[in-house]
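Read through the structure below, which is laid out as structure tokens, and then see the notes.
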Amino acid sequence: MFSFFKKKAPVVAPPPTGPEAPAASAPSPGPAAEVRVAAAAPAEQRRPWLDRLKSGLRRTGSGITQVFTGTRIDEALYEELEAALLMADAGMPATQHLLADLKRRVKEHKATDPAAVKLLLVDALAELLAPLQRPLVLGETRPTVIMVAGVNGAGKTTSIGKLTRHLADGGLKVLLAAADTFRAAAKEQLAVWADRNRVEIVSQEGGDPAAVSFDAVKAGQARGCDVVVADTAGRLPTQAHLMEELRKIKRTIGKAMDGAPHEVLLVVDGNTGQNALAQVKAFDAVLGLTGLVVTKLDGTAKGGVLAAIALWSRERDGASPVPVYFIGVGEKLADLETFDAREFSQALLT
Ligand SMILES: Nc1nc2c(ncn2[C@@H]2O[C@H](COP(=O)(O)OP(=O)(O)OP(=O)(O)O)[C@@H](O)[C@H]2O)c(=O)[nH]1
């Protein structure tokens with residue numbers, strides 16, 4: 001379970017008075033909303049999630065943990081580990097990074113048995129993944145505008161649905177922009193997930209996705225929404241015209257509200273392994289990503305891609321790492337959770 005917790009008391013601007021007050025029709029940014037942070041529930045409430053995460057990651061983890069069932073720490077063990085990490089789609093740079101770091105730790109701790117080395121690998125992986133762990137913060141502006149992109153079937157709509165439920169449960173007013181104007185069922189899918197009573201949707205079948213997003217942001221401002229989430233149609237990064245369309249959606253959202261979108265999220269299917277890393281790089285080059293959601297880590301043998309994303313993220317040209325806000329291990333509401341580097345490493349390897 002995770003919730004959106006209040007971080008600090010609301011900063012309420014005094015209502016404008018006197019001759020400088022803006023005309024009633026002028027758009028007003030309104031008072032700053034309460035800042036909310038996607039935060040994990042207390043440890044004991046998180047236990048069912050940990051069990052799901054552990055079982056979801058079993059296929060990725062088993063190949064790696066098998067390396068540590070022997071009795072000796074020798075070059076053969078490291079070679080096997082290298083092969084296992086590559087099989088898990090960690091990629092060569094992250095694999096080399098982890099091996100070098102692990103050897104250093106083994107020396108430092110004078111570890112003498114494979115079980116102890118495995119625990120040192122948990123530490124090495126947790127440290128590599130740590131920069132990806134950052135909570136999603138909402139409410140620094142009102143509305144906070146979140147644009148969501150990804151390839152077809154990555155799990156965008158499902159993840160938005162789950163996220164929206166958490167937001168609504170946290171008492172936040174959410175408006176969805178069905179900017180996936182290609183797929184007729186996309187709007188209905190959003191509506192089903194998002195609890196019709198509490199979440200409003202701006203859509204326009206067959207319309208221009210940039211126009212839908214613009215209207216949604218304007219509607220979100222006018223209706224005093226806390227969050228506007230724009231769901232875009234799936235596309236491959238090789239489809240230049242569709243990537244250009246994404247750029248246009250982002251630009252148009254910026255015209256509707258200064259500084260928006262405040263978050264540009266990419267949803268990637270963890271089951272696609274190294275391909276997911278290629279998607280992250282390509283979408284980042286076009287959009288400038290602020291966060292990731294990694295879905296379908298259940299049942300995949302390629303969950304090592306998170307290590308590859310972490311290494312790329314840490315070396316990202318002059319920019320801060322792109323955090324993984326949420327990971328998904330199934331289709332149910334409870335299967336989407338905040339990402340925790342140590343929790344992930346432990347679930348994978350122990
Ligand atoms: N096993 C598993 N399935 C998931 C997960 N997240 C989403 N799915 C499923 O993946 C399928 C595609 O999800 P959608 O949310 O429709 O994907 P999308 O990215 O919106 O798809 P397009 O709009 O076609 O681009 C659905 O059947 C989801 O239930 C996950 O974490 N694990």
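When a ligand or atom number is given, it counts from 1 through the structure's own listing order.
Side-chain contact between Leu53 and Ile327: present, with at least one pair of heavy atoms (C-beta onward) separated by less than 4.5 Å.
No donor-acceptor distance shorter than 3.5 angstrom exists from the side chain of Thr232 to the backbone of Ala179, with no hydrogens or angles considered. Thr60 places no side-chain N or O within donor-acceptor distance of the main-chain N or O of Gly304, the cut-off being under 3.5 Å.
In this structure Asn275 satisfies the side-chain contact (heavy atoms from CB on, under 4.5 Å) test together with Thr272, Ala278, Gln279, sequence neighbours excluded. With sequence neighbours excluded, the residues that form a side-chain contact (heavy atoms from CB on, under 4.5 Å) with Arg314 are His97, Leu128, Leu311.
At a 4.0 Å heavy-atom cut-off, the residues surrounding ligand 1 are Val151, Asn152, Gly153, Ala154, Gly155, Lys156, Thr157, Thr158, Asp180, Arg183, Gln189, Gly234, Thr295, Lys296, Asp298, Gly328, Val329, Gly330, Glu331, listed by chain and number.
Residue pairs that meet the salt bridge (Lys or Arg N to Asp or Glu O under 4.0 Å) test with at least one member in residues 166-176, sequence neighbours left out, are Asp169-Arg198.
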